[in-house]
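Here the structure is a predicted model, which is why all the values come from computation and not from measurement.
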Amino acid sequence: MPFREINSKVVEATVAPGQRMFSQRGAMLAYRGDVTFTPNTAGGQGGVMAMLGRRAAGEAAPLMTVEGEGTVLFGHGGHHVQVIRLAGDTLYVEADRLLAFDGSLEQGTMFMGAQGGVMGMVRGQVTGQGLFTTTLKGHGAVAVMAHGGVLELPVTPERPVHVDPQAYVAHHGDVRNRLSTALGWRDMVGRGSGEAFQLELSGSGAVYVQASEEKL
């Protein structure tokens, strides 16, 4: 179910019979054709566990199931919209950043402590993700929201990438990430997040960074 970028803040999705997609509630701007929007109380493909994960994370991201035949324009809050296309790998993204995505993608919820133990949980708080983050896996497209535009930075084994945790949007691929401190604990008082903490991503894949430290 491809997305067509109308401008930096609006995408158009094609809805076909027998297929479905999910969108954040309130994201529909306009549509053409015979399209229905149904509140999704099961938490998408992840079912009850995915929904519980989002609630435990403190993330309020109710979804709508979109079905039928036609086209839909999506946007929300004037935020920049970035389309990410997955080719079988896994996208890690904060649930509140999801604008819309293919229903064929497998949804999941990952405990931040599973990647880095206590520091993984600290990383979740610094980046604004909370204790859990959303995963989307498979072949399809995802439209995510950010402030001020998005840069896609390749991550390679030879060149890890360091980003400001509050500018972090999402990442995909075989990427390992850890939170490191650029200063001593005594020096961090009064420092901004990028000066005190850095998110280091290594491996093979890509990380998406917004051009602002402002949260959604």
Side-chain angles (χ1 to χ4, degrees), residues 1-38 40 44-45 59 61-107 127-129 133-155 161 163-164 166-173 175 201 205-216:
M1 197 170 295
F3 289 104
R4 184 169 69 94
E5 297 176 61
I6 303 300
N7 56 41
S8 64
K9 299 179 180 181
V10 178
V11 295
E12 182 183 68
T14 300
V15 184
Q19 299 179 351
R20 64 177 177 174
M21 67 185 312
F22 297 104
S23 69
Q24 186 173 128
R25 193 169 298 178
M28 187 275 290
L29 301 177
Y31 70 91
R32 299 185 182 91
D34 184 15
V35 181
T36 62
F37 302 85
T38 307
N40 184 351
Q45 275 195 353
E59 294 177 343
L63 298 176
M64 301 292 287
T65 301
V66 184
E67 298 174 294
E69 183 175 12
T71 58
V72 185
L73 294 176
F74 289 111
H76 195 271
H79 298 306
H80 176 89
V81 179
Q82 177 76 22
V83 176
I84 301 173
R85 292 174 174 83
L86 299 178
D89 50 348
T90 301
L91 178 72
Y92 298 84
V93 61
E94 182 182 356
D96 285 346
R97 291 189 179 275
L98 291 172
L99 179 70
F101 57 94
D102 280 326
S104 60
L105 294 173
E106 178 184 349
Q107 296 180 55
T127 59
Q129 290 176 285
T133 192
T134 297
T135 61
L136 295 172
K137 181 179 180 180
H139 292 79
V142 184
V144 301
M145 295 180 291
H147 277 289
V150 174
L151 297 174
E152 179 181 358
L153 303 176
V155 179
V161 178
V163 304
D164 182 329
Q166 292 188 4
Y168 167 86
V169 173
H171 75 269
H172 70 83
V175 173
L201 298 104
V207 58
Y208 296 87
V209 180
Q210 68 178 14
S212 168
E213 293 182 350
E214 185 178 354
K215 296 180 181 180
L216 292 182

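What you find for Phe101 and Met21 is that their closest heavy atoms are O-CB, 3.3 Å. Counting all heavy atoms, side chain and backbone alike, Ser23 lies closest to Val66 at OG-CG2, 3.8 Å. Nearest heavy-atom pair across His172 and Tyr208 is NE2-OH, 3.4 Å. Nearest heavy atom pair, residue Leu136 against residue Leu86, reads O-CD1, 3.5 Å. Nearest heavy atoms, Val169 versus Val93: O-CG2, 3.9 Å. Of all heavy-atom pairs spanning Pro154 and Val161, the tightest one is O-CG2, 3.5 Å.
Aromatic ring centroids of Phe37 and Tyr31 lie under 6.0 Å apart. Under the 6.0 Å cut-off for aromatic ring centres, His79 and His147 qualify, their centroids lying closer than that.
Between Arg20 and Phe22, some side-chain heavy-atom pair lies under the 4.5 Å cut-off. Proximity of Val81 to Val144: side-chain heavy atoms (C-beta onward) are nowhere separated by under 4.5 Å. You'll find the side chain of His80 reaches within 4.5 Å of the side chain of Val150, heavy atoms only.
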Report the C-alpha distance between Val35 and Glu67 in whole Å, list the side-chain angles of each, state the deciding distance to 0.1 Å, and finish with yes or no for side-chain contact (heavy atoms from CB on, under 4.5 Å).
CA-CA 6 Å; Val35 181; Glu67 298 174 294; over 6 Å; no
Tell me, with the steps shown, if Val209 and Leu153 meet side-chain contact (heavy atoms from CB on, under 4.5 Å).
CA-CA 8 Å; Val209 180; Leu153 303 176; 3.9 Å; yes
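A donor-acceptor contact shorter than 3.5 Å links the side chain of Gln24 to the backbone of Leu98. In this structure a side-chain-to-backbone donor-acceptor pair under 3.5 Å is present from Gln210 to Ser212. Using modelled atom types, one side-chain atom of Asp102 and one backbone atom of Ala141 make a donor-acceptor pair closer than 3.5 Å.
Partners of Arg32 by side-chain hydrogen bond (donor to acceptor under 3.5 Å, both in side chains), not counting sequence neighbours: none found. By the side-chain contact (heavy atoms from CB on, under 4.5 Å) test, Leu29 is found to be paired with Val10, Leu73, residues two or more places apart in sequence or in another chain being considered. In this view, Thr90 and Tyr92, Thr135, Lys137 satisfy the side-chain contact (heavy atoms from CB on, under 4.5 Å) rule, not counting sequence neighbours.
Atom CZ of Phe74 sits about 9.5 Å away from atom CE of Met64, to the nearest 0.5 Å. Rounded to the nearest 0.5 Å, atoms CG (Leu151) and CD (Gln82) are 9.0 Å apart. Between His139 atom NE2 and Asp89 atom CG the span is 8.0 Å, to the nearest 0.5 Å. Of the inter-residue distances, the one linking Thr14 atom OG1 with Glu69 atom CD reads 10.5 Å to the nearest 0.5 angstrom.
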